[in-house]
Each structure stands twice: as C-alpha cells, then as structure tokens.
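Note sheet for the following structure.
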Amino acid sequence: MRTSDIQVGHGIDGAVRALPVRNPRTGKSDFTLDCASPATIRASALKLREAQTLWASRSDGERTDALLRWAAAIDDAAASITSALTKDTGRRRLSQIETATVTQLIRRWAARAPGLLGRQRQMHQPTATPSISTTTLPIPYSLVGIISPWNFPLVLSLIDAVPALAAGCAVLIKPSEVTPRFVNPLLEATRRVPEIAAILDVVQGDGATGAALIEQVDYICFTGSVATGRKVAVAAAQAFIPASLELGGKDPMVVLSSADPVQAAATALRASIVNTGQACQSIECVYVARPIAKPFLTALTDAAAQVQLNYPDLEHGDIGPFIFEKQASIVQAQIDDARAKGARVLTGGSVQQLGGGLYLMPTVMTGLTPDMALMSEETFGPVIPVVLFDTPEEAVRLANQGRYGLSAAVLAGTAEEAETLGAQLEVGAVSINDGSLTGIVWEAEKSSFKESGLGPSRMGDSGLLRFLRKRLLIRQTAAPAPLAVYAESPR
Ligand code: NAD
C-alpha cells in the first residue's frame, strides 16, 4: 500500500515523485514513498485550519477526552505501529519503547494541559488606572508544522505535535523520507478518534516537501541536522513565522578522578551506543581524568568488545544496523580520517555489511587531536573517542570547545562534585552521574546552546506554552479620555 493511500481524510491527489525506501536490515528497497505535491500540502493545510477552529473552541475536558482516546487507540495498535517502525529502523526493542513513549507523552500532556491553559486565562486583572482592567486570552497558533528526522521517527514526529494539539492547534507533520513506514498504522489508529483525525495530518516526502510545508504553517518545529536547520530558519524568517529548532549535538562526558572507573566505563558505553549512536544526546567524546584513565580504558574496551550486534536474529543483541546508509559512510570517513592523522582504534573501527545491513561494533579510539573531524563534527554512530585531562579546569575547557551545545554528562564520586563541574558546561542539560538522561526526562525546561538549536524549550511547560499567543482585552469602565487631555497648553 502506498503511504498516500492512508492520508487521514485529506486530498491525496497530486503526488508527483515516488522515492524508493531502503530497508536497513536487508539493504533492499521494499517500500515506495509518494512525495506530496505543494497542492496536496496546501489542501491539507486548508482543511486542518478549518477544523482547528472547532478544536480550539472545545472545552479543556473535551480535548483531554479526545487525547486520551487517541492514546488508547495507539495502545491498541501498538503491535502494528511497532512492527512498521522496526522495518523503518532495523531495531525492535527501541521501536517498542518509542510506541510506549508516545502514549505516555499523550497522557502526560492531556493531564497537564487544562491546568496550564487555565493559568493563562486571566480575567479582569486590575491595572494602575483604577477604571481599566485586563483579561488575557491564550490564542493557539492555528496550524503547527513538524519536520522530523529518521533516528527516532515516531517519537520525534509527535514530541512537539502532542503539546501543540493539547494547546488547541492543528498539526501537519512531514516525517523523514528515510523512515516512512510507521505513518500508515499510526494514521489508522488516529482515524479511530475523529476529533484528532480532523486536526492532525501527515504529508510524506523529502526536503522539498518540508520546504513546501513551511510555507503553509504558522509555526514550525524542526528536528534534524544543523545544516538543514539553518535552511529552515531562513525559510521561517521569510515566511515570518516562529521556529523551534532542535539540532545536532556532540555531547561530552567528563569522568572525574573520584568516579568509579569501571562503572563510568559501563555508563559511557551505554550512553554512546544505544540506537547505534544515532541519538542527538549520544555521548560523542569522553574526557577522563588521567589517574583513572588506565582502569577506565581497560573496562571500556573489554565491555565494548563483548557487545553483540543485533544480527542475524532481530531478537538478540545490543546494537542494530545503521538506519540511514549514508550515515555509515559518514561515520567510517570520520574514523578513517582520525586514524590517518594518528589516532588509535582500540575496538571496532570498520563498518561491516551483514545480510545487506551496515553494522559497526563500538569503536573506542585514543590519540585524538582537534584537527580530526571526529572531534569537531557530529558523528551519530557508536564511536567513543577518549581524551585524558589533568585538571577539572582543563576538562571544562575541552568539553566547551566546538560549535555544539546540546547536552553533556559528568561522572564523579559525589553528585555535588559532578554538579560543580556540570554547571560550567556550555550546554542546555547535564546528566549528573549518568549519561543521556535527556532521552528520558521531559518534565523540566532546557535550552539548546550554540548551534544545537534555537527557540523555547520543547521540554517542560514551555513545550506547550510556546504554541499560545496572548490576546489582551483592556476594559475601560470610566468615560474615555477627551482629546483635551493631550492638548498643548502654556502651563
Ligand atoms: P536532516 O536535517 O537531514 O533531515 C531532517 C528532516 O528535514 C527530514 O525530514 C528532511 O526531509 C527534512 N528536510 C531536508 N531538507 C529540508 C529543507 N530544505 N526544508 C525543510 N525540510 C527539509 O536530519 P536527519 O539526518 O534526518 O537527522 C539527524 C540529525 O537530527 C542529527 O543531526 C541529529 O543530531 C538531529 N537530531 C536532533 C535532535 C534534538 O532533539 N536536538 C533529536 C534527534 C535528531
């Protein structure tokens, strides 16, 4: 079935380009994607805008009820959504986790939205002028656009969409062309809740489709690379709409001399290689205090060598294939460049082709210098460069170099010591005595620093509040002032 066959209640005509989609486990194309034409996107946007008026006028309770029924429908369809997502990504356990995460996400926002929206409505507030009072009305943007990447296709298509819906907006999503299979079962489940199906749609396609979507929406949420994020920022400025940009990272982990080196090695390994390292919050460089470097590296290389590839059995192993073929080439090129410039590869180091899929064992490297792409560019693969430092000041300087500022991690003997150093890092979130905690902690706000992003936090309450504008009704109860009040006079 073609993806466009299952668009939720919107026009499907005008698909102009078909893209073959590669299966990450077989390397073969087994799915075809029809790119939505600009006319299809316009038609979808028009219908969503019409339906949004009703959605925004519903009571908080009605919206909550619809969102909860949607979560239940996704729960019921979990097996088919997870199965499609597994074909998209080549990994099964994380696909199960993604599906479970989105229903938690929907239930959390359904519970939180009424209170948040209620606090934004402020009736008859006094002002410095006794006869004038104000009433603040939160007004949701009519149509929010979402453009998402391939590394966590389901979660990253819905992480901004759900709070936007809960705020009263309609949403139009353009997922990555690399991982489009999950859309069909998701939309089938969505159709079981007509109120949601009326205000949520998906258009499939590539970069050109994403660019066309930006022209139709009132707010754009983009998750992806810095290079594309820059283009989206320019397009959003031209369209005069706000943009939330969640971009790449090169997260450092600092391991202080008071940390347990064996535990630190296990944490560094997990935080670097989950999802084959294809996570924005992956640890991409570990800075280790020299006194514990030897036991740390021994434990890390031992544990890295024991990691099992998730091949050939889908149900066994620790790391799956690269989702995106091109990513395997980028990672291999960074390893080769570093090796050519003098770096040592302690484990892994070569992408293997197995059954058509592309796999890489955890690759621990030392002897790194700043001129290597591995040390300055996002890697997005299971590679763990290890660099030694002598003082905490040096660790802070090293961890703060570079153009990314997404998140970081600090491991130490005590949380207080780790926090003292963590507070000096130029990033939006620091995991203390763990790694990559932003992958599971979504309740509190955080910013993206430097080139890792722009705009309000997607986490915490601002994840919803950013979709509301404020309309102020200013009530005058006295007679309006006459012009004479402003007339010039000699006094
Ligand atoms: P990408 O930038 O190549 O593509 C992302 C999306 O943008 C895709 O849907 C693509 O079709 C679309 N797109 C491409 N060109 C476009 C254009 N000109 N206008 C509008 N849309 C366009 O990123 P990717 O390779 O899919 O994803 C990997 C990147 O995403 C990594 O850099 C990773 O760090 C980042 N990421 C960031 C976060 C975060 O929360 N900060 C989370 C996950 C992934």
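Remember, it's 1-based here, ligands and their atoms both numbered in the order they're listed. These figures come from a predicted structure and were not determined experimentally. All residue numbers in this chain count up from 1 along the given sequence.
Against a heavy-atom cut-off of under 4.0 Å, Leu156 is close to the following atoms of ligand 1: 42 (C), 43 (C). When each atom of ligand 1 is checked for a heavy atom of Ser148 under 4.0 Å away, the hits are 6 (C), 8 (C), 9 (O). If you number the atoms of ligand 1 from 1 as listed, the ones under 4.0 Å from a heavy atom of Ser176 come out as 9 (O). Atoms of ligand 1 lying under 4.0 Å from at least one heavy atom of Asn151, given by number and element, are 43 (C), 44 (C). Atoms of ligand 1 lying under 4.0 Å from any heavy atom of Glu378, numbered from 1 in the order shown and given with element: 31 (C), 32 (O), 33 (C), 34 (O). Less than 4.0 angstrom separates some heavy atom of Pro175 from each of these atoms of ligand 1: 9 (O). The ligand atoms of ligand 1 that sit less than 4.0 angstrom from a heavy atom of Leu406 are 41 (N).
Among Gly224, Cys280, Pro149, Gly439, the residue whose heavy atom lies nearest to atom 35 (C) of ligand 1 is Gly224. Between Lys326, Lys250, Lys231, Lys174, it is Lys174 that holds the heavy atom closest to atom 11 (O) of ligand 1.
Nearest to atom 37 (C) of ligand 1 among the protein's heavy atoms is Leu247 O, 3.2 Å. Counting protein heavy atoms only, atom 23 (O) of ligand 1 is closest to Ser225 N, 3.4 Å. The shortest contact between atom 25 (O) of ligand 1 and any protein heavy atom is with Trp150 NE1, 2.9 Å. Scanning all protein heavy atoms for the shortest distance to atom 28 (C) of ligand 1 gives Phe380 CE2, 3.8 Å. Protein heavy atom closest to atom 17 (C) of ligand 1, with residue, atom name and distance, is Gly207 O, 3.6 Å. Atom 4 (O) of ligand 1 has as its closest protein heavy atom Thr228 OG1, 4.4 Å.
Counting only distance, with no hydrogens or angles, the side chain of Lys450 and the backbone of Val427 share no donor-acceptor pair below 3.5 Å.
Dense packing is recorded around NZ of Lys446, with more than 12 heavy atoms of other residues, nucleotides or ligands lying under 6.0 Å away. Within a 6.0 Å radius of CZ in Arg93, other residues, nucleotides and ligands contribute 12 heavy atoms or fewer. Enclosure of atom CZ in Arg112 is not indicated, since only 12 or fewer non-hydrogen atoms of other residues, nucleotides or ligands lie within 6.0 angstrom.
Cys169 pairs with exactly one of Leu200, Leu464, Leu48, Val144 by the side-chain contact (heavy atoms from CB on, under 4.5 Å) rule, that one being Val144. Between Leu213 and the options Leu143, Ile146, Ile147, a side-chain contact (heavy atoms from CB on, under 4.5 Å) holds for only Ile147.
At a 4.0 Å cut-off, not a single heavy atom of Ser448 sits close enough to ligand 1 to count as contact. Close to ligand 1: Arg458, with a non-hydrogen atom less than 4.0 angstrom away. At least one heavy atom of Phe222 lies less than 4.0 angstrom from ligand 1.
Aromatic ring centres of Tyr311 and Tyr359: separated by under 6.0 Å. Checked against a 6.0 Å centroid threshold, the rings of Phe380 and Trp150 count as neighbours.
Using a 4.0 Å cut-off between charged nitrogen and carboxylate oxygen, Lys174 and Asp206 do not count as a salt-bridge pair. Remark: Arg49 engages Asp218 in a salt bridge, criterion side-chain N to carboxylate O under 4.0 Å. Using a cutoff of 4.0 Å between basic side-chain nitrogens and carboxylate oxygens, Arg403 and Glu378 are not scored as salt-bridged. At a threshold of 4.0 Å, the pair Asp75-Arg107 counts as salt-bridged, since one of the basic side-chain nitrogens sits closer than that to a carboxylate oxygen.
Contact annotation for Phe324 and ligand 1: no heavy atom of the residue comes within less than 4.0 Å of the ligand. Only the side chain of Ile147 comes within contact range of ligand 1, with a heavy atom under 4.0 Å; no backbone atom does. At a heavy-atom cutoff of 4.0 Å, ligand 1 is contacted by no atom of Gln281, backbone or side chain.
Tyr141 carries Arg469 over the face of its six-membered ring, with the cationic atom under 6.0 Å from the centre and within 45° of the normal.
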